[in-house]
Amino acid sequence: DTLNDFNPYEELITTLSSVSRGNFEPSGTSDQPVGQSNFRAARFTLNGTVYERDLATQNGIMSPEIMIMANEALEEQKIGGAFYSVLTRNDVVLAVYVEDSKIDQVTKAGFFKTIEKGPSTELQIIYGQAPASF
């Protein structure tokens, strides 16, 4: 028998780290199933503080709270940036990291149709949760 262990939240945290270009550098990243439920315990350490949350998969979509969790850690650690969802001119949704000092410049540049801090409102609605306010 072969056991295939898939850790989607761990992969998402690793991807966010890569997108941040060295600003979001978590360690101790893990993603473990919680019992027989559709929940997974996502965990990472940032600057010595452990961040952990049980996140569900809903309608085949990973919880957008993973981006909220990362942004909360960035804010708490006073790192000076955040992850944003952007809609490009070609209607492609991307996650980007923007430093606080550059958000006005990025917003005014007009590269994106929309830019929202954290997961996009549409993703949160599709996922079945009320959009988070920032």
Side-chain angles (χ1 to χ4, degrees):
D1 286 332
T2 302
L3 178 62
N4 186 5
D5 192 16
F6 176 55
N7 302 100
Y9 290 111
E10 187 172 341
E11 289 183 25
L12 288 172
I13 292 167
T14 301
T15 299
L16 290 175
S17 176
S18 177
V19 166
S20 78
R21 298 173 313 279
N23 291 288
F24 176 66
E25 292 293 328
S27 62
T29 304
S30 68
D31 171 3
Q32 301 295 322
V34 177
Q36 297 297 318
S37 70
N38 65 331
F39 282 86
R40 299 187 69 85
R43 176 187 176 128
F44 63 86
T45 302
L46 188 63
N47 294 336
T49 301
V50 175
Y51 297 90
E52 184 171 21
R53 200 174 276 178
D54 288 348
L55 303 173
T57 309
Q58 195 164 308
N59 302 326
I61 300 171
M62 303 316 295
S63 175
E65 285 188 50
I66 192 69
M67 191 183 286
I68 294 168
M69 183 178 165
N71 279 344
E72 289 172 352
L74 288 165
E75 185 175 332
E76 184 176 304
Q77 297 298 320
K78 298 179 182 9
I79 291 178
F83 293 101
Y84 291 82
S85 298
V86 297
L87 180 63
T88 69
R89 297 270 175 226
N90 297 325
D91 293 327
V92 175
V93 177
L94 303 171
V96 297
Y97 178 87
V98 181
E99 295 173 16
D100 292 342
S101 62
K102 297 186 180 176
I103 190 61
D104 286 338
Q105 182 181 359
V106 170
T107 303
K108 292 176 184 174
F111 295 125
F112 308 117
K113 283 185 179 180
T114 61
I115 181 166
E116 295 181 71
K117 189 173 184 182
S120 70
T121 300
E122 291 82 6
L123 177 58
Q124 292 181 67
I125 290 168
I126 290 168
Y127 185 76
Q129 69 184 43
S133 59
F134 292 97

Intermediate values then yes/no, side chain to side chain contact (heavy atoms under 4.5 Å, CB included), K117 and F83: CA-CA 6 Å; K117 189 173 184 182; F83 293 101; over 6 Å; no
R43 side chain reached by D31 side chain, heavy atoms, under 4.5 Å: no
CD on E65 to OH on Y9, rounded to 0.5 Å: 8.5 Å
Test log, rule side chain to side chain contact (heavy atoms under 4.5 Å, CB included), inputs Q105 and V98: CA-CA 10 Å; Q105 182 181 359; V98 181; over 6 Å; no
Shortest non-hydrogen separation from V34 to S37 and the atoms involved: O-OG, 2.7 Å
Flag if over 12 foreign heavy atoms under 6.0 Å of CD, E75: no
Connected via hydrophobic side-chain network under 4.5 Å: L46 and V19: yes
Close side-chain approach of I103 to Y84, heavy-atom, < 4.5 Å: yes
Closest non-hydrogen atom pair, A70 against L16: CB-CD1, 4.0 Å
Distance in Å, E25 CD paired with N47 CG, rounded so as to fall on 0.5 Å steps: 10.0 Å
Donor + acceptor pair across side chains of T49, E76 (<3.5 Å): no
Same apolar cluster: M69 and I79, side chain cutoff 4.5 Å: yes
Any side-chain donor near an acceptor of the partner, Q77 and Y51, under 3.5 Å: yes
Within-4.5 Å side-chain heavy-atom neighbours: T88 and L94: yes
Ring center gap for F44 and F24 short of 6.0 angstrom: yes
Minimum-distance pair of heavy atoms, taken over all atoms of I13 and P26: CG2-CG, 3.7 Å
Distance-only polar pair, side chains of T121 and E116, donor-acceptor under 3.5 Å: yes
Intermediate values then yes/no, side chain to side chain contact (heavy atoms under 4.5 Å, CB included), S63 and I66: CA-CA 6 Å; S63 175; I66 192 69; 5.9 Å; no
Inter-residue atom distance R40.CZ - M62.CE, 0.5 Å rounding: 7.0 Å
Set of side-chain contact (heavy atoms from CB on, under 4.5 Å) partners for S85, sequence neighbours left out: M67, S120
CG on L55 to CG on L12, rounded to 0.5 Å: 9.5 Å
Any residue meeting side chain to side chain donor-acceptor pair (under 3.5 Å) with S27, in chain and number order, not counting sequence neighbours: none
K102 atom NZ, neighbour heavy-atom count above 12 within 6.0 Å: no
Side chain to side chain contact (heavy atoms under 4.5 Å, CB included) evaluation trace for Y97 with L74: CA-CA 11 Å; Y97 178 87; L74 288 165; 3.8 Å; yes
